[in-house]
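Just so it is clear, the model here is predicted, and its values are computed rather than measured. A, B, ... follow the sequence lines: proteins, then strands. Residue 1 opens every chain.
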Number of protein chains: 2
Amino acid sequence: MQIDPSSSADLSVQIAQAIKDAIISGDLIVDERLPSEAELSDHFRVSRPTVREALKRLAAQSLIRTQRGASGGAFVNRLSFEDAYAQQVTTSTLLLSMNEVSFDTACEARYALERACAPLSAERRSADQLATMRAEIFRQGQPGLTDVAFCASDVAFHRALVDGAGNPVLSYQLAGAVEAMQPLMNMITFTARDRAVITGLHTRIADAIEAGDGGAAVAGLQDLEDETRKLASDVFAARSGR
Amino acid sequence: MQIDPSSSADLSVQIAQAIKDAIISGDLIVDERLPSEAELSDHFRVSRPTVREALKRLAAQSLIRTQRGASGGAFVNRLSFEDAYAQQVTTSTLLLSMNEVSFDTACEARYALERACAPLSAERRSADQLATMRAEIFRQGQPGLTDVAFCASDVAFHRALVDGAGNPVLSYQLAGAVEAMQPLMNMITFTARDRAVITGLHTRIADAIEAGDGGAAVAGLQDLEDETRKLASDVFAARSGR
DNA sequence: AGAAATCATTTGTCTGACATTTAAAAGTCT
DNA sequence: AGACTTTTAAATGTCAGACAAATGATTTCT
């Protein structure tokens, strides 16, 4: 682990990169303890605050974790699927909110990916996952449910569908697509959306998953996508009409 | 923007979270300048190093950028697709290398997602993207190409296919799936893989894309997945046999 | 032997200072 | 007046040293 003293980049950036490279290359393995901050500042010939800034950069990416106390220190963190989910959702949300992605583009991507999970989910979903889908459909039919709660339930339904594929890599990849859409979907919830239509489609999809009919599930998702896009275009038309 | 003095969490974590929330909620907009480090340390009643650690956490996630000098400071960064790609690839790579994900699981996820792009790509790919696919196939047929270069070309081929869908959100989501697989694919390259079979399948896929036949492209990808999994299982069988 | 007190190590935080970069302001010359 | 140079001020980057707080290990006392 070395840094280039002639580089113009900030020292904390260089140090963070050096440690990151060591982790990716396998020089530092999971749960291995890094040298203490004092030792690192000796090694890189920089002050302790500079080392700390580098370590905080790595901690922000869940690459390390720190612990105080006698046998404490910084440890290489095993990147969990859970941590990766959270990062994925945050990044996707910001990406969508900051880049004026059209609703159609986001919608297309989301449903294209979700349809990829449907056949696997129809084949493998657990009873528990199917029960979750049914429970969310039931919740969505309750009168008095707020728009925000309806959207959250919608997301939970789709999460269960995706998780049904039993492939954690797929679930991780889809996390951003499904969850980051929630704010965009909120955008159209405030209009007179017909919840019965949505829950009807959800029921069709759940039935297909229960029957193990991947093709029908894909078709149901296709109809749901069409419905969602129609709703959005109505909203946009109404807005520009005003 | 406030922090909870009674919380046991590290101050720099709390401050980073408070600023992050302000960005996500829209209180801080893209390119807006944050208060200077001195002003932030006054506001949160902490020292400047603590504020700096918080800012470095945010910078590590590309949420802010900093600039030195008179009119410098920390600015809310527009999260670009490029930055998001890079984060996605790094996270996916670490996730796969640290969690003993089976080859089958990763392979299934990758091809399931890629097949979701194929019909869109068949419909919309630009001439340039098709040319890239053809060029990579040509490169893959060159004798003397190293295994590493073959893999890189393989990735470039699939990237062109995905980008052909003309949906940046989809390209972003797929970046991790396609690029993070490269190390795993390297794992099986060192055996006597028949490149002609692979390039033959690539040609079939490119032909389908050129003809605008999404179904054929999906079928080609399915065969490629089957071939890849067969190769991998052969390798694993040979290893355990030794 | 077991509980309590002490100690050493490590991260978390603070204070204050200086270095470096950068844009704007001030000054100078033509 | 206008263009160029110099100065200045503001901001981040880096450093040094110190104390606080947490935590496991060690020692001491009962």
Summarise how protein sits on nucleotides 10-15 of chain C as a single string, 5' to 3': B when a protein heavy atom is under 4.0 Å from the base, S for sugar-phosphate-only contact, - for no contact. BBBBBB
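Taking the six-membered ring where tryptophan is involved, the planes of A:His158 and A:Tyr111 are perpendicular, since the angle between them exceeds 60° and thus also 30°. A:Tyr85 and A:Tyr172 have parallel rings, their planes meeting at less than 30° on a 0 to 90° scale where 60° marks the start of perpendicular.
Under the 3.5 Å distance criterion, the side-chain polar atoms of B:Asn167 are matched with a main-chain donor or acceptor of B:Leu170. Side-chain N or O atoms of B:Arg33 include none that pairs as donor or acceptor with a backbone N or O of B:Ala74 at under 3.5 Å.
Ion pairing between a basic and an acidic side chain is recognised when a charged N comes within 4.0 Å of a carboxylate O; B:Arg57 and B:Glu53 show no such pairing.
Summarising the geometry, the separation between CG on B:Asp42 and P on C:dG16 is reported as 13 Å, rounded to the nearest angstrom.
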